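Reading through the C-alpha cells given below for one structure.
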Amino acid sequence: MPSAVVTRKTFICLLVFLLFGGIGTYWTRLGQALYTNEQRFYMSELVNGQASAIERRLTRSLSATRILAQAVRQNGGAFAGFDDYAAEVLRSVDGISNLQLAPGGVVRHVYPLAGNEAVLGHDILADEQRRSLALQAIEERRLTLAGPLNLIQGGVGLIGRNPVFLSGPDGETFWGFASALVSLRDLLRVTELDPEGRKGYSYELSRNNPTSGEREVFSRSSTPLTKDSYAVDLEVPGATWQLVMSRSTPTPKWRSTTGYIASLLAGLLTAWVAYILLRQPERLRQIVKEKTYALERLAFHDHLTELANRRQLSEQLDRVVREHERYRQPAALMYLDLDDFKRVNDTQGHDAGDALLRKIAERLRGCVRTSDLVARLGGDEFGILLLDAESVRDVSRIAEKLIETVERPVVLGSRAVNVSTSVGITLFPADGDSVAAIMSNADMAMYAAKKAGKRNFSFYDRGLQAEALARMQLEEDLNEAIAREEFVLHYQPIIDLKSGETRGYEALIRWQHPRDGLLYPDRFICLAEETGKITQIGYWVIREACRQLKASDVAREGRFGIAINLSPKQFKDPLLLDNIRRIVEDAGIEARRLEIEVTESCVMENVDEAVATLRQLREIGVSAAIDDFGTGYSSLALLKQLPVERLKIDKSFVQDLETDPSDKKIVQALISMSHKLQLKVVAEGIETSEQRRLLKGYGCDLGQGFLISRPAPWPVQIKARKASS
C-alpha cells in the first residue's frame, strides 16, 4: 500500500512537473524567439537606415556634378570664374571635399585648390586604374562613381564623374568631366557606422572590384561581425555596394539557460501558477503586437508632433493614385509653410519653436476631417491630403480656415507669438497623375503663394510651370548676354539746380536683347542678383563707363564724372577695390572722375564693414554717394560716420512734392541736415518745373530726372551738352 501511495504521488508529481515544466520550456523558447525577432527587426531597420543615409548623402553630393555640367553646357565649354561658382555650389551642397573640371579628361580646375594641387594636370583617361570606369561613363553618358580609392592628393575618397557633351554642328561631342570628390570619412560621418565599435555595432562595407569582379571590403569596424548579421545592397552610380551589420557581441545564451531552470522550478508550483503560465503565449503575442505597432508608428509618424510623416503621406498619395481608376476618388494636396518661423527660433530658442510646431499641428488636425491626412514634412512645412475633394470652392474654404487658424496667437511661456502660413494646393487628377508630379506641383504652388505676399493660398496652374520655364530661358539668355556683352549704357545728366550746368552723369544699364529688343533693368537685374551674375555685370558697367568717358572730349575737359550704382553683392566683393583700381588705371582716367553709388539698406547691413570699404575707395580717389536715401531704416545721425560726398533723395519723396506736405517737410529736413554734415544733396526723379522750383528753393544742390533729360546713349548726351553750351 505505501508502495502504491508513493507511486501515485510520484506519478502526480511527475505529471505536474512534466506539464508545467513543458509550459515553462515552451515559454522560454517563445521568449527567446521574440527577443531574436526583435533584434532582427531592429538591426534590419538600422542597416536599412544607414544604407539610406549613405545613398542620400551620395545622391545630394553627386548632384553637384550635374550643376557643374549644366554650367559648362550653358557656357559652351568655357568656364570663367570657376572658383566663385564652385564655392557657391559647395555652400549649397554638403559633403563634398572638392569640385573638379577635366576638359578632355585632364583635370584643369580644382576647388578648393589648397591641399589638392597634385590633382591638377592629372589625365584620367591615361590612368590605368581610372581609365576603364571613365570610358564607361563616356560610353553610357551617365554619372559613374569611382572608388573608394587612394587619392592622388592623399586620403581615401569617392569620385563622381559626370561626362559633359556639347552640342555642335556635327552633333554632340565629348567635352570632359565634371567631378565631385567625396571623402569616405566624411561620407560615413552622416551614419552611425563607428569604425571603433563603441556603439555596440559591427559593420563591413564592401563592393565588387570593377577590374577583378571580386568582393572587396573597403571599410569595417574594429570588432568582427557575428553570425547574426544583416546585409543590404546600396545602389550607387555604376556599382552596387553591400552593407553588413551585426551587434558586436552575439545574442547571449544565458537567457535560454535561465529560462529552462525557471521552467524546472515552475513545475513544482501550484495549479494557479499553471493557469498563469498557460496564459503566457497570449500575453507574449500581445507584446509582439504592441511592439510591432510601436515600430510601425515610429516609421510612419513624426516624433515631435505625432502627425504622419513624409513617408506616410507619400504612400497614402500613391494608394490614391493607384486606386483612382477603380474608385474615381478626387483628392487635393496642400503644402503649408509657416511664414517667419525662423524668427521664433532665433529670438526664443528651438524649444519654443518645437512647442509652436506642436500647437500648430493640433490646430491643423482640428481643421480637417478624420479621414484626411495631416503630415509634417520637415522643419516648418506641413502637408494635408484631402480625400473626396471635388469642389475647388470647398478646398478654398478649407485653405482660408487653415490660414485663419494658424495666425491666431500662440502663447509660449509668458509671450504671445504670431505666425502665418502660405498654402500651395494641387488637385488630383487634374494637375498630375503621379506622386512626384503632384508633390512637385503643390510645392510650386506654395512658393507662388509665398511670393504673392505670404498669408495666402495659391492653386497650381500651368502658368506656374510656364513662369518657371520662362525664368530658366531668361537665365540662359542672361548667361549668353554676359558672354556676348549685349549690354549698353545710357546716361542721365546731373545738373546744378541753381546754374543749370551739367555736373556729371549717372550710368544706367540696358540689355539689347537679340529677340526682345531693349530691356530695362527691372526685367533682369533681380535675376542677376539671385544667380550671382550681378557682380560680373557690375564690373562690365564700370569698365564700359570708364572707356566711354576716356574716349570723349569730356575726359580732356576734366569737369565731369560718372556715377555708377553698385549692387549689394558687388559692394561686399573682397576684390572690389583691386578691380576698381585696375579698371581706372587701364582706362587711363583719374579716379576722382568715378563716383560709386550704394543704397542705404546695403550700407546699413554692416555699418563697420561699409565704412571701411568707403574709406578705402576714398583713398584711391573714388568718391561715394548714398542712393535712394529715406527708403531704408538708417538715421541721418549715422551719416556722419560714412565717408561719402553726396546724398541722393529717393524719387518717391520727389514725385508728390507738389501735393504732399509730409514729403515737403521730409525733403527740407534731409537737405538741411545733409548740409550741416557737409554733404551735397541730389534729388532724383524731377519730372515737373514746380518740383524743380521747390527743390531749388529748399537749397537742394543737384538734380536729375525726365524734366532735365531722359537717359540716352553717351554720344547723344555729349552732343546735347555741346549744343546747350
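All heavy atoms count here, side chains included; hydrogens, waters and symmetry mates do not. Nothing here was measured: the structure is a model prediction, and the numbers come from that model.
Remark: R185 CZ is loosely packed, at most 12 non-hydrogen atoms of other residues, nucleotides or ligands lying under 6.0 Å away. Atom NZ of K450 has more than 12 neighbouring heavy atoms from other residues, nucleotides or ligands inside a 6.0 Å radius. In this structure, Y447 places its OH atom where only 12 or fewer heavy-atom neighbours from other residues, nucleotides or ligands lie under 6.0 Å away. Within a 6.0 Å radius of CD in E645, other residues, nucleotides and ligands contribute more than 12 heavy atoms. Remark: K680 NZ is loosely packed, at most 12 non-hydrogen atoms of other residues, nucleotides or ligands lying under 6.0 Å away.
The distance from the CG atom of L566 to the CG atom of L576 is 6.0 Å, given to the nearest 0.5 Å. Considering OH of Y111 and CG of L99, their distance stands at 9.5 Å, rounded to 0.5 Å. For the atom pair CD1 of I534 and CD of Q570, the computed distance is 7.5 Å after rounding to the nearest 0.5 Å. We find the CZ-CD1 distance between F653 and I666 to be 5.0 Å, quoted to the nearest 0.5 Å. How far SG of C546 is from CD1 of I589: 3.5 Å, rounded to the nearest 0.5 Å. Taking SG from C602 and CG from N565, the interatomic distance works out to 11.0 Å, rounded to the nearest 0.5 Å.
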Step-by-step side chain to side chain contact (heavy atoms under 4.5 Å, CB included) determination, V119 to N98 = CA-CA 11 Å; V119 182; N98 66 64; 5.7 Å; no
So D123 and L125, side chain to side chain contact (heavy atoms under 4.5 Å, CB included) or not? Walk me through it.
-> CA-CA 6 Å; D123 191 340; L125 298 177; 3.9 Å; yes
Check the pair Y491, I562 against side chain to side chain contact (heavy atoms under 4.5 Å, CB included), reporting the backbone distance first and the verdict last.
-> CA-CA 9 Å; Y491 297 85; I562 301 293; 4.0 Å; yes
Evaluation steps, side chain to side chain contact (heavy atoms under 4.5 Å, CB included), between W714 and L549 = CA-CA 9 Å; W714 185 249; L549 180 63; 4.1 Å; yes
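Looking only at atom types and distance, the side chain of Q473 has a donor-acceptor partner in the side chain of D477 under 3.5 Å away. Side chains of S422 and D339: a donor-acceptor N/O pair is present below 3.5 angstrom, by distance only.
Ion pairing between a basic and an acidic side chain is recognised when a charged N comes within 4.0 Å of a carboxylate O; K648 and E506 show such pairing. Note on E597 versus R646: no salt bridge recorded, every NZ/NE/NH1/NH2 to OD/OE distance being 4.0 Å or above. Between E88 and R91 there is a salt bridge, with a side-chain nitrogen of the basic residue lying less than 4.0 Å from a carboxylate oxygen of the acidic one.
Of the possible donor and acceptor atoms, none in the side chain of E684 sits under 3.5 Å from a partner among the backbone N and O of Q704. Remark: side-chain polar atoms of K550 are not paired, donor with acceptor, to backbone N or O of A587 under 3.5 angstrom. Side chain of D337 to backbone of E381: no donor-acceptor contact under 3.5 angstrom is found. Under a 3.5 Å cut-off, the side chain of K569 and the backbone N or O of E529 do form a donor-acceptor pair. With S674 contributing its side chain and I671 its backbone, the two residues share no donor-acceptor pair below 3.5 Å. Between the side chain of E117 and the backbone N or O of G115 there is at least one donor-acceptor pair closer than 3.5 Å. Listed for the N116 side chain is a donor-acceptor partner under 3.5 Å among the backbone atoms of P112.
Considering all non-hydrogen atoms of both residues, I564 and A507 come closest at CG1-CB, 4.2 Å. For the pair V164 and A69, the tightest heavy-atom approach, listed with the atom from each and the gap, is CG2-CB, 3.7 Å. The nearest pair of heavy atoms linking R710 to Q492 is CA-NE2, 4.5 Å. When all heavy atoms of Q536 and I482 are compared, the pair lying nearest together is NE2-CG2, 3.7 Å. In plain terms, the two heavy atoms of T65 and S179 that are nearest each other are CG2-C, 3.8 Å. Closest approach of T144 to L133, counting heavy atoms only: OG1-O, 3.8 Å.
In this structure, R523 forms no cation-pi arrangement with Y520, as its terminal cationic atom is not both closer than 6.0 Å to the ring centre and no more than 45° off the ring axis.
Residues W511 and I537 are not in side-chain contact: their nearest non-hydrogen atoms beyond the backbone lie 4.5 Å or more apart. Side-chain contact between L702 and L497 is absent, with no heavy-atom pair separated by less than 4.5 Å. Using a 4.5 Å heavy-atom cutoff, the side chains of D701 and D496 are not in contact.
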